[in-house]
Every structure is written in C-alpha cells, then in structure tokens.
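Each remark here refers to the structure printed beneath this line.
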Amino acid sequence: MTDTDRVRHRDTKTAFYLFTQQKLPACKPVLTPAWVITIFLFTGFIFIPLGLVTLRASRSVIEIVERYDTECVPEPFRIDKVSYIQDDSIPKNCSLFLKVHKYMKAPIYIYYQLDNYYQNHRRYVKSRSDQQLLNGQKYQATSSCQPVEFNNARPIVPCGLIAWSLFNDTFTFIRERAELKVNRKNIAWKSDRDHKFGKNVYPSNFQNGTLIGGGKLNPRIPLSDQEDLIVWMRTSALPSFRKLYGRIEEDLDADDVVLVQLMNNYNTYSFGGKKKLVLSTSSWLGGKNDFFGLACVFVGSSSLILAIVFMLLHLKFQRPYGDKTCLPWNRKSLSG
Amino acid sequence: MKRFVYINDDESSQELYCDNRISNRKYTVLNFLPKNLWEQFSRFMNQYFLLIACLQLWSLITPVNPASTWGPLIFIFAVSASKEAWDDYNRYLSDKKANEKHIWVVRQGIRKHIQAQDIHVGNIVWLRENDEVPCDLVLIGTSDTQGLCYVETAALDGETDLKTRVIPSACMGMDFELLHKIKGVIECPNPDKDIRRFDANLRLFPPFIDNDLCPLTIKNTLLQSCYLRNTEWACGVAVYTGNETKLGMSRGIPEPKLTAMDAMIDKLTGAIFVFQIVVVMVLGIAGNVWKDTEARKQWYVLYPIEGPWYELLVIPLRFELLCSIMIPISIKVSLDLVKSLYAKFIDWDSEMIDQDTGIPSHATNTAISEDLGQVEYILTDKTGTLTENRMIFRRCCISGIFYGNESGDALKDVKLLNAVAGSSPDVVRFLTVMAICNTVIPIKSKTGAILYKAQSQDEDALVNAAARLHMVYVNKNANILEIRFNGSVIQYEVLETLEFTSDRKRMSVVVKDCQNGKIVLLSKGADEAILPYAYAGQQTRALVEAVEQYAQLGLRTLCLAWRELKEDEYQEWSLMFKEASSTLVDREWRIAEVCQRLEHDFEVLGVTAIEDRLQDGVPETIETLRKAGINFWMLTGDKQNTAIQIALSCNFISPEPKGQLLLIDGKTEGEVCRSLERVLLTMRITSSEPKDVAFVVDGWALEIALKHYRKAFTELAILSRTAICCRVTPSQKAQLVELLKSCDYRTLAIGDGGNDVRMIQQADIGVGISGREGLQAARAADYSIGKFRFLKRLILVHGRYSYNRTAFLSQYSFYKSLVICFIQIFFSFISGVSGTSLFNSVSLMAYNVFYTSVPVLVSVLDKDLSEGTVMQHPQILVYCQAGRLLNPSTFAGWFGRSLFHAIVVFVITIHAYAFEKSEMEELSMVALSGCIWLQAFVVALETNS
C-alpha cells in the first residue's frame, strides 16, 4: 500500500500524469471589459500609424497609364478591329505621347496591362508542361498541353496554350529624339530562369503550325533567356493584370514628353480586352497600391471607435465581476 | 429442435456437429479486404468521399491532383482497417491459444492428450483442478465420492463465488475404469445462449443401468470458460462445441450506439451537402453560360467549336469536385481520435478509482462520451447501485416478539441472546431456517475458521447472523448438512432444493432430520410469497406489522416459514417433482407449479430484517444531478415501502410538505386506469408549482399501464421528474427505458446486477457498477464505475467537457473547410467561372491535414470552466442537455463566420496584389497563409484555457 502510494505521489509530478488527469497547467485569460477595451485601443494605435505610413509610401509612387488599344487602330479600321488585327498585311506600328507630370526617378518600370484577359481560366492555366520547359524535346509526356500539343507529330516546344498566346506588342521609348535606355534583362524571376526554364531548350518548332496564336520566339535563344516568355508564363490570378516589360534606367523630369513607338500586334479586340502601357516608379513598398494603407486605417479607426463605445457602455452598465445573480438560472428564479 | 449426443461414439456424431474450434474472428485473410471495405463503404460519408475520389480520376474535370483526395481517403481507410485487422489478429491469437490447448480426451477407450479444437460432440473430456473447461460438458464423473464438483463461473456471468455442480444420478458411483467405457445418449435442445437453463435427458445404454431417463439440468453441466476448483478431477461429455457453446452463442457484437451529437453532425453534413449541390448547380449553369457567351470569344482559350456530348456536365462536375472539400474528410479521423482520448481520460481519472477495491473506472464504449453531457433521464437500480449491497442482519421478529428494536442490532439484543441460550423452540427453529435454508457452501479455511460461499448477499447475511447466534453451519458433505448449536452437532439430509426464482420469490429446502427421521420443509421468501400460504388459523397480523415497520425503516425483509411433512406426502410429491424436473419443455414453469403443491400451510416463524446501507455520497450526487436538470427514476425489484424509504433517505424525493407522492396501484385494468388518471390530473395541476411530485408504481400496475394506457403513462412520464417503480422485472426495466427513449429523451441506465443488463443495453448510455453482484452489468455497460457517486463526475466533468469539445471540434472542422471552399468559389467568379482551383493540391492537403487538423487537437484539453465551478453550479449542464453548443443555429453562426472570413481573406488577397504581379501561385499562397493564420486565431480565441 505504501509502495503504491509512493508511486502515485511520484507520478503526480510528471507531465504525463497531469495530462491524464486533465490538469496540465493552463492560463485562462478572462476577457473583462478593461482587457477588451485595452486590446481594441492598442490595435487602433498600432494600425492607424501603420496605415498612414503605407498610404504615404503608396502615394509617393508616380504612375503613367495610357490605354492604347483603340488609339492604335487607324480610324478607318475601327469598325472592325478584329479583322484589322488579324490582317498581317497591314503594318501595325503606332505612336503614343506620354506626358510626365512629376519627376520620376530611375528605375522606371515599364508594364503592359491587359484587362478582361483570363489567364486564370482553367483550360488555359493547366495548358503547359513544366517538365518540357526544363527538359525540352526529351520530355514526351505533354498531354497536359492540350490543345496545343503537337506540330507534325512532334511536341511543340514550349507547348500549351500559355506559351502559344504569348504577348507580342513591342515598345520603344524616345525622349527628345534620343532613344531611352530600356533594360529588358532581369525582368523574370531568377529562380524561374535558373531552375524552371531549360538552358538547352530551344523553341525550334514554336508557332510553326496552322494555328498561330501570339508572339514568336527566336529559335536560337534558349528558353532560360527568353524572359518575355518567362514573365508571360507566370499566369495572373486576376483577369486584369500587369506584366513587366522592362526598366527605363534614366530619370524622367516633369513635363518631359516621351514618344512611344509600339507594334500593336496582340489581339484583344475579339474579346473586348483593353491594353494599357504603364510607367511607374517604385517605393520601398513596391508599386502604387492604396488598398493596404486604407485597410489599415479602417481597421485601426474602427478598433478605436469600438473601444470608445465599449468604454461608454462599461461606464453606464457597470456590474461587479463574477456576479452570481446574473447567472441565467438565478435570474429565472427571481423573475418567476 | 433437439440434438442427440451419443456418448463415446467416435464415428456417428463427428460429421453432424462442428468441432471445438473457437472462432471469434470477423474476417479471414481472404475476405478481410472486401468485407472490411464493404463495411466501411456502407456509411454515407465514405460513399461520398469515394465518389469524389473516383470523379477526380477523370483528368478533364479534376481541379486538383487526385492524390489530394485519395491520399487522405486511403489513409483513413488504412487506419480503420488496420485497427480492425489488429483487433481481429488479437482475437485470432487468443482463439489459437484456446484451440491449441492440450486436453485429455477418451478416444477408442483410451485417454489421449489432444488439442482442444479436436474435441467432438460426444467425446469424454477429463479435467484437472484449476483447468478451464474447453466446451460445454455434461458432468458424468468427479473425484468426489458424492459426485460433486465446484466451478467458478466468473468468465460467464461475472459471479466470483463457487458453484456446485453434481453428476446426474444415473452416473452416480461409477468408477474410473467404467467412465472410459460408458455409452449412452443425451437428448438436449439445440444450442442456445441461455446460461441458466439446460433441459436435457440422459439415457445410458446397457450394460450400464436400465433404460431409465435421467433428467439433466444446468446443475449437471460444466460450461465453457468456467474453471474447475476444489475438485481433483472431473470428466464430462461434450454436448456443445466450438462456437455453439452457451458462451459462444451469447457472444455477439452489440449494435453500435449513435450519440445525439453524431446524429446532429450527420444532419448538418446533409445540410452542407444540399448547400453544396445548390452551389454546384448555380455555378455550373453560370459556368456554361459564361463559356458560351464569353469564352468562345477568347481565342487564347481555344475552345473547340463542337464539344463532346457530356460537355454540359463538365463544368458542374468540376465545381462539385472543387466544393467537395466543404465536407471535411478529416472530421471523422479527428472525432474518432478525440473520442478515444475522452474515453482514456475516464479510464485514467484518479478521482474515479474505487478506493476500496482499487478498480478504476472504465469506458468500454469509446464513442459516446458526449452523450453523457446530454443525459436527461437517469434510471437507476436500487440494490447495489444506490446501496452498498453489503447486507447486515439488523432485526428480527420471532413469533410476534420484536428483537433488536431498541439497540438497532438484534445480534446484541440481550432478550434474543437469552432466548438462544434457553433454547426456546421457536427461536431454534427460526435459527435453523436461517442457517440451512439456502445454497450456501461452507468452506473451512486452514486456520479452522469457516467461510461461506454464498450466491446472494441476503443468504450470506443470514448464515453469518445465525452463526453469531450460535447456530453454526459447519459443513456440507454431499447431501448431509452439519450444524452446531450450543455445542451439539445436528445433522440434516437435504432431500430437495426448491430454488429461488424471481417469479416465485421464495426458496425452500426439504430436509430430513438425521436423528429422528422427520422430514421438514423450510422456506424463506418475500412476505407476499409466504404470508398468504400460512396455515389456516395462524395469526399473521403481528408479522404483517413487523414487515411494514421494517420496510418503513428501509430494511429488506424476509419471512421464514416451516412445515413438517409426512413421509408419504413427501414421497408422492417427490415423484411429481422428478417428473417435472425431467421435462424438456417449460421446465421452469412446471417446477414452479409442482413446488406450489408443497409450499402451503406454512407455519410462519418470523421475519428477518436486513439492512443495506446507502453508498457514500449518494444523496449529494442525486441532489447535484437533479440540480443539473436530470430526472431520476428508480427501478427496483424491492417492495414499495422499502423503495420509498430508500428514496427518501437519498434525496430522491422530498418529505411531505415539500414533496408529494402519488401512488398508482390497482389490481385490475379499471383500477389502474382510474388511479392513473387521478395521478395525471394532480400532476398537471401541480406542474406549475415548485413542488417535488413523484409517482410510485408497482410492477403489476405498470404492466397494465404499459399495455393498455401507454399514452397516458407516457404523458405522465414526461410530466414527472421523479418516479419510483417497484417490483419490476428486468424486462419491464428495459421497457421503461424504451418508453423514455421513444419520447426522445437521452437516457442513462445504471445498475449493478444481472437483472439490470437488459436495461443497460437498451439505454442510450449504460453504466454498470462493478459491485458485489458480479460483473455482468459492468460488462454489458458502456461505462463501468466503482461507486454511484462517480456518476456525478462522469456526467458533469467528463460528459460536459466531451460535449463542449466535440461541439467545437466538429463545427470548427466544417468552418475551416468552408473558408477554403468559399475562397475557391469567389475565385471562380474572377476566373471566368471555369472551375480553376486557386490552391494547388499540396497546399489543400497540407491545409486540411496538417495546418488545421493538428492544432485544433489541443481542444481535447480545453476547459471552459474549472471542475470545481461546474460541481458548484451543476445547472450549467443545461447548456449541454439542450444541445445549445451544437445545433443548426450555432452551426449557422459558424457558417456565417466562415463566409465572412473568406470574404475578408479574398478581398485583402486580391487587392494587396492589385494589378502587378498578381501571379497565381503567389496569390494562392497569400490566401492560404491568410486562412491558416485566421484558423489559428479562431482556435486561440475559442480555446478557453
């Protein structure tokens, strides 16, 4: 008997024994009014400054957005834009003038923006073969690439709808007769270049078939260096998206006028998609996006308001902590 | 309907009946996979998951890798299959051990050592002391010259006392050699599971005794799994073997009990399923419309002009798969896991260990802990459950003189001691009945003290009390009893034992005084089974008063009676008794009828009063649980007065001014009907007053009420918070449970004896007290506890916590799946309603299995209130009882929460990446981590400690 007692006594100290008795030490924070008000006040005081800082960073970004899909179709063709864009015999070059409102510090990022373009469509998003992008012709199981899989019974490299529909408008930027230096390197993820797209994979039979989609690729450059393709292959989750085209590595001054000469090749007319050209500087938070800052300010201020409301309620309807008369069964017996 | 067993016939019966191979296995190696899969797929949830998994194999429609469903599905199936397989393997091992045990069996007249599984019906099996009986045997020989042997039947009925078994009269006196050659036939019924009946006949073939039929009863058998004790050897004829033994037949897998919570979860799952179908149909139609109006224009999607015939189905099916995670596959695994933990907590609880015996509480059924928190009715047995079932002889009334009234203990009453010393004839006869009218076996221990092995606690109390009063039951040698009274030894020969049955409510022995050859009938039994049969002219008023007085004090009463028999009367009756004992059909009824012919014209000697103390903490427990809103019904076989006294003393009912007792009685239909209506009327009136109203009903009235006035009685049952049902049979107990269950109440039945087993099995939750009446109830029960007072902790602590935890866990499981699913649905609106999955397979799987299912398991330790608080305010249990933590409205709350959270996560995600770099994988990771953080936050917020 004494032995078992001793064993039991020793056992009471082990964590496992406490676990079996459901008596592991636990803390039990009680959400008293004071705590709740404090937490809400604290949240408010954290989030409002955070939101303001973010908002400021976002506002410091200077953006020039220019829609060009309609302007770049010559007046006579505007009735039937689709046949214009599909007619190869008509030259597609076009000029835009961009006016710089504020001083823009290099690097200035050049994006093209597509609206109403569903890169996230199920048929589209699956139609690629990551293995083939890395290994080229050696990799044969490209069934996921349907319906753009074979050309003359050989798998197309790179296969699939995404690659097939590569964006192929091009832009050159001229300021006061001098061409701006545009860096088109390093616009894709380094990991994509190094590990996802093969260094020895050449797009030898790309866009050779009967169905021509978007842009073509230089068959002598390996996929890992085709950065436009790599950028394009990172499909967008939203139906309107921007993709990086390059970087202008010169500052632009206020009131500068930039002439953009572009080749308007890409067909967005059949589905009414918009094309835009975007020049944007960046802040420490990236591009222009007010949402985050506004959301923080909203959360912070609503916390503050709640805290004040709770405080008023608490002052008006105070009751002692742990008042037993408030238990439902006690209340019931009082009333009835 | 009958089987004929030819003793020692090596050829004839071999083919007819199965061999003694025991098999408890559910599966064999070959049928394991199909059978187990079939069983698992008979559940709706599993069928659903299988359908989803199969649809996912069609690569055209699957939004994610099929592995994300197949993986968990196979895992779940593998877990439950391997659990089954492991259990079955263990069963196989124990079967194998039993089957390969070596047993001595007679073959071709020679004793051989063979494996237990090779025993055939008709074989003669030899056993040594402490051997386990390998199959059901009819005893034909023992080492004892009187043909007796002792067995322990604990494995069969849980009773630990030794029982005597006797060889049939036809085999009496056979020697060792003869037993090897014996031939004959046993005519016995087909195998059944009744371990208290064996109505058979034995006829030995010449040259062994004439063609006389010799009746066999259960007393002549050795049943499988019993142990031979105190006997050097015994041998018997195998009559039932293998799985056809009484034990084998009574084995069976009890139907799984479904908790109210499981039912609710199933219902909610069904609702979610309907919701899912609606979503799928809406999105499917939207998707098809969008495809035809918009997607065809989008050249980069390259939709074929003419699709295959099933084209219209593709998008809805895709959405079906996308939404399939709405019903979380992990919920079953998580719930099973936490449920077995709840059960373990009950097993481990050191506060529910019976200090006297050191037996911990045990949860046999691991799946129904939540139900404990939702109990609304407790139906309790009295003897051994509320009371200790430790009987102490307290008072007696002999020939109208009360003993023990002053001191409260008759054994210390000087008057009685003087009467004993003076050998007053009435007192001596009274003590003789106390000492020998029973089935007790005295065993001399090595020190010389006499220990009594009794089957009933009452008999034990009486024999011990008689011994204290110098009437010592010393020895039982075959049919000769020896008692020592005041120094002189008296011998009696037992001629017949008329055993106790709950219908006759009395037992008698016919003994012959060895000195003067007088034959006497000694009887003891309940007052209504003895007093009406007193000889004409005996004044029984004093006795009736005594019975009432004792019952008022909550004592158990027994009347003792005696009658001298004439030699020829006995002989005549004895023949009838023999005949009745050898009938195969309705033997019990025939015997009762024959006994009735002897048991009349009693000279009633007196009344004994035995105290059965209340267990510790019973009143407090009942009070606490009643405060918690649980209604108590007491179902007892005892008489009304005793039951009411016990009920009063344990707070079951309140005494007069506050409480009110309403009696339902009557012998005829009309009387019962009238009294029932009266009670019902009173009950309706008083139901608004704060008064404790209870009704009392006895077995007879109950039977009429249940048969003819079921509706009225049901209404009464609903109105009344307390009821006492006395003189009820085991099947009536079960009927009452069923009645309450049919009114949609959660019932808990608690009991300790074999007569409570049916009620325990019938109730939603059966609790057995591992008490002195054996383990039968504890075995049949879902929970076994040592003492009644542990019930408080079982319900208020374990039941309540389990309910709260499961309520949280199950709703949380749906919530977290819904969040992810809603995000997928929202995403489909910005991805052209084409059924793109925002999340990839790995993240979905990790989210469901790893990120969300594991952290929430901490909730098995969650306590919303401390144990002490719950015990102080048991009213809090009403939240569990009424199911306030898991019902459609709380679920709607969680549903709304998941919708809100999904909107927040989605809006933040798509706006945080507005325009630039809104790349699929990045977006999905942001959304996923948003969800994971939110889940963790919700778990932290909902965890109370």
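A, B, ... follow the sequence lines: proteins, then strands. Residue 1 opens every chain. Bear in mind that the values here come from a model prediction, so they are computed numbers and not experimental data.
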Could you tell me whether the side chain of Thr836(B) and the main chain of Asn120(A) form a donor-acceptor pair under 3.5 Å?
yes
Per-residue contact mode, Tyr109(A) against chain B (heavy atom under 4.5 angstrom):
neither
Tyr117(A) vs Tyr300(B), ring pair (Phe, Tyr, Trp, His ring centres under 6.0 Å): CA-CA, chis, key distance, verdict
CA-CA 9 Å; Tyr117(A) 191 104; Tyr300(B) 52 89; 3.9 Å; yes
Contacting region of Tyr124(A) [heavy-atom separation from chain B under 4.5 Å]
side chain
Pick one of side chain, backbone, both or neither for Phe291(A), based on which atoms fall under 4.5 Å of a heavy atom in chain B.
side chain
Roughly how far apart are Thr20(A) OG1 and Lys344(B) NZ, rounded to 0.5 Å?
11.0 Å
Surrounding CH2 of Trp35(A) (heavy atoms of other residues, nucleotides or ligands, distance under 6.0 Å), is the total greater than 12?
no
Please classify the contact of Tyr266(A) with chain B as side chain, backbone, both or neither, using a heavy-atom distance under 4.5 Å.
side chain
Which pair of non-hydrogen atoms, one from Ile830(B) and one from Ala237(A), has the smallest distance, and what is that distance?
CD1-O, 3.7 Å
Could you tell me the separation between the CD atom of Glu294(B) and the CG atom of Asn116(A), rounded to the nearest 0.5 Å?
6.5 Å
If you count every heavy atom of other residues, nucleotides or ligands that lies below 6.0 Å from Phe292(A) atom CZ, does the total exceed 12?
no
Kindly check if the number of other-residue, nucleotide or ligand heavy atoms within 6.0 Å of CZ (Phe19(A)) is above 12?
yes
Side-chain (Asp349(B)) to main-chain (Gln21(A)) donor-acceptor, under 3.5 angstrom:
no
Side-chain contact, heavy-atom cut-off 4.5 Å: Arg234(A) with Glu921(B)?
yes
With a 4.5 angstrom heavy-atom cut-off, is it the side chain or the backbone of Val907(B) that approaches chain A, or both, or neither?
both
Under 4.5 Å from any heavy atom of chain B, what part of Leu31(A) do you find: side chain, backbone, both or neither?
neither
Is the shortest side-chain N to carboxylate O distance from Lys243(A) to Glu919(B) below 4.0 Å?
no
Using heavy-atom distances under 4.5 Å, tell me whether Leu341(B) contacts chain A through its side chain, its backbone, both, or neither.
side chain
Measure distances from Leu865(B) to the heavy atoms of chain A and classify the residue's part below 4.5 Å as side chain, backbone, both or neither.
backbone
Can you say whether Asp290(A) sits under 4.5 Å from chain B via the side chain, the backbone, both, or neither, judging by heavy atoms?
neither
Sequence neighbours left out, what passes disulfide bond (SG atoms under 2.5 Å apart) with Cys880(B)? Give chain and number order.
none
Tightest non-hydrogen contact, residues Ser350(B) and Tyr17(A), listed as OG-OH, 3.2 Å
Side chains of Ser834(B) and Tyr118(A): donor-acceptor distance under 3.5 Å anywhere?
no
Trp348(B) side-chain N/O to Gln22(A) backbone N/O, donor-acceptor pair under 3.5 Å:
no
Chain A interface, residue from Glu867(B), Gln298(B), Arg318(B) that has the most non-hydrogen pairs under 4.5 Å
Arg318(B)
One option among Lys23(A), His121(A), Gln119(A) has the most heavy-atom pairs under 4.5 Å with chain B, and it is His121(A)
